[in-house]
Amino acid sequence: MAEKSTPIIEMKGVGKNYGNINALRGVNLTVRRGEVTCILGDNGAGKSTLINIIAGLFQHSQGEYLVDGEAVQFSSPREALDRGIATVYQTLALVPLLPVWRNFFLGSELTKGRGLFQRLDIATMWEQTGDELHRMGIALEDLEQPVGTLSGGQRQVVAIARAVHFGARVLILDEPTAALGVAQSGLVLRYISAAARDHGVGVIFITHNPHHAYMVGDHFMVLQRGEVDLDAARSDLTLENLMFHMAGGAGLSALEHELHGKHNEGQPTLEGTAST
Amino acid sequence: MTTTAQQPGVGTPRRQVQSQAFWRRILKRPEAGALGGAVLVFLFFYIIAPPFRQVPAFTTVLYQASTIGIPAVAVAMLMIGGEFDLSAGVAVTTSSLAAAIFATKVVDSIWIGVAFALVFSLAVGALNGYLLIRTRLHSFLVTLGTFLMLQGLNIAITKLITGNVATGDISQMAGFSLGQAIFASNFTFGGVQISIAIVYWFLFAALATWVLLRTKVGNWIFAVGGQGDSARAVGVPVRRVKIGLFMLVGFSCWFLAMHLLFAYDTVQSGAGIGNELLYIAAAVVGGCLLTGGYGSAVGSALGAFIFGMTTEGVIYADWDPDWFQFFVGAMLLLATVVNSWIRERAMRGK
């Protein structure tokens, strides 16, 4: 396990309001080099709000967001990216009909020559794409093949490898395994682990799946209705415990109690326990 | 943790693969279908129309093809970028009218007329692109609008200014011979008369291919047409690319317009209607995908070549010229089916 270094990202009591609606409250989060922080939660739990704040898409309303110890208030994803915070969204920002290497360098193409003779440095881009993918453990038969011909997991890995190659220090992965089968998810998880351990990237891994999270995570945060329901290091947590929280935690126990036990008079139990 | 990511035992073969599968790569190119089609059409007319076999006939075919091929190269790039331009056919006429009318009725100088037409054509292209981005409508609708507007303007303005449906003859003006030398001259090569338009056509197709496959902008064009949102997300200036492509089509229309103006001295204001479909058809036969992100400039040249052969072949075979349209339609259908079959194979990575 990586020793405790200065955190790249540190959030203290971060919250977000949309008008009167309180989407996120009191989030403390630390992301260090080489660590995988898993953020779990149901739909609408506040995961997207949180990553959008980290990625620079939204600004937080309360609390402090520090990058390298310095308080920040990003006004665009570009600013976050310049600080080395990259997001790989579910759409991946890949172009299916374009060859792998062209996708890898899209928007940041390497060129040689000047002026009118400026042209793509294809050999170097091939080389670097191949090296980067190979290093991360996927061997493509042909970098000239369109990205659309790759499997879902391979596409995910190409997008992640691209972010790492272009200098990501913190990688936000938005449900990378959500649409994948078992084998494909394994490929992506292995790569998440490689990015963190071998490249020292701090990873924020957003997922629905506690099994996937427990396989690669160093630190876990479960969000529920905009609040932190669980915030624990791997050493303080079992998979069962994580699954329990993920499945709804105390709220679920109450539901179970309600369904199998006798009716509590009047007010539904679920609501009663969740709001404080 | 001690376990690093497992590296599968296979090393990346990288570049060897490229040479190994060279012929397969050719078959996977977007223009493969058009190449096969061109060979078949050539053989067809070679067998049934004896005059088609002579060399001068072949240069006529190439000339005919160049008048489709010059705009078709730009139209193909636009289609790779994910958009259509239905106004390209009449825009050619608009451009030559603008040059002729401005030169004769406004300034009495051929060169200012030519320059005015260039600015005007680029502006029409920029307007198409700007409208597309502002309205977020499909380019089919936007350019259908400009197509009808230009078609109306061509005739209305010409009538208004010249009192006629055609412009006056410009061949007596100063500078005409130089203009003709640049845009519409012929030269003899190996005992055959060859129009300079053919040379320009080849040059444009080669340049476009270089831009598409070897430059940053080319990469962006494919990306913008293939998945605009992804391209934007990685920092490609999607709007500028699209407007630039429409302006490129404007430029190609201007270029062909200048050729036609200096070749025929006068312009019929009703000309050009329907040609936009030929340009699009040439691009599609050449492997461009209607949905964008795929295609080639060389393919559009092959498509134009097929149509050139068909136009002339029908005449040499002594058929009614109306058969040409039938052939264009049949070829378009056939090519689309063959191309999508090839593309599917390519996408399966076979």
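Here is the naming used below: chain letters follow the sequence lines, and residue numbers restart at 1 for every chain.
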Exercise. Quick one: of Val234(B), Asn219(B), Val236(B), who has the most non-hydrogen atom pairs under 4.5 Å with chain A?
Worked result: Asn219(B)
For this session: Among the options Asn103(A), Leu120(A), Thr111(A), Leu94(A), pick out the one with the most heavy-atom pairs lying under 4.5 Å from chain B.
Result: Leu120(A)
For this session: Check each atom of Arg162(A) against the heavy atoms of chain B and say whether the ones under 4.5 Å are side chain, backbone, both or neither.
Result: side chain
Seminar exercise, completed: Under 4.5 Å to a heavy atom of chain A? For Leu289(B) that would be side chain
Exercise. Which pair of non-hydrogen atoms, one from Trp210(B) and one from Gln118(A), has the smallest distance, and what is that distance?
Worked result: CH2-O, 3.7 Å
Problem set entry | Tyr130(B), OH: over 12 other non-hydrogen atoms inside 6.0 angstrom | no
Problem set entry | Step-by-step side chain to side chain contact (heavy atoms under 4.5 Å, CB included) determination, Arg119(A) to Val211(B) | CA-CA 8 Å; Arg119(A) 59 202 184 276; Val211(B) 168; over 6 Å; no
For this session: Could you tell me which of Ala231(B), Gly226(B), Ala223(B) has the largest number of non-hydrogen atom pairs under 4.5 Å with chain A?
Result: Ala223(B)
For this session: Take atom CZ of Arg239(B) as the centre, draw a 6.0 Å sphere, and report whether it contains more than 12 heavy atoms from other residues, nucleotides or ligands.
Result: no
Exercise. Going by heavy atoms in the side chains, are Val224(B) and Val95(A) under 4.5 Å from each other?
Worked result: no
Exercise. Measuring from Arg214(B):CZ to Ile122(A):CD1, what's the distance to the nearest 0.5 Å?
Worked result: 3.5 Å
For this session: Can you tell which part of Leu189(A) gets under 4.5 Å to a heavy atom of chain B, answering side chain, backbone, both or neither?
Result: neither
For this session: Would you name the heavy atoms of Ala93(A) and Ala233(B) that are closest together and state the gap between them?
Result: CB-CB, 3.9 Å
For this session: With rounding to the nearest 0.5 Å, note down the distance linking CG in Leu110(A) to NZ in Lys216(B).
Result: 9.0 Å
Exercise. Most heavy-atom pairs under 4.5 angstrom with chain B, which of Leu133(A), Thr129(A), Leu98(A)?
Worked result: Leu98(A)
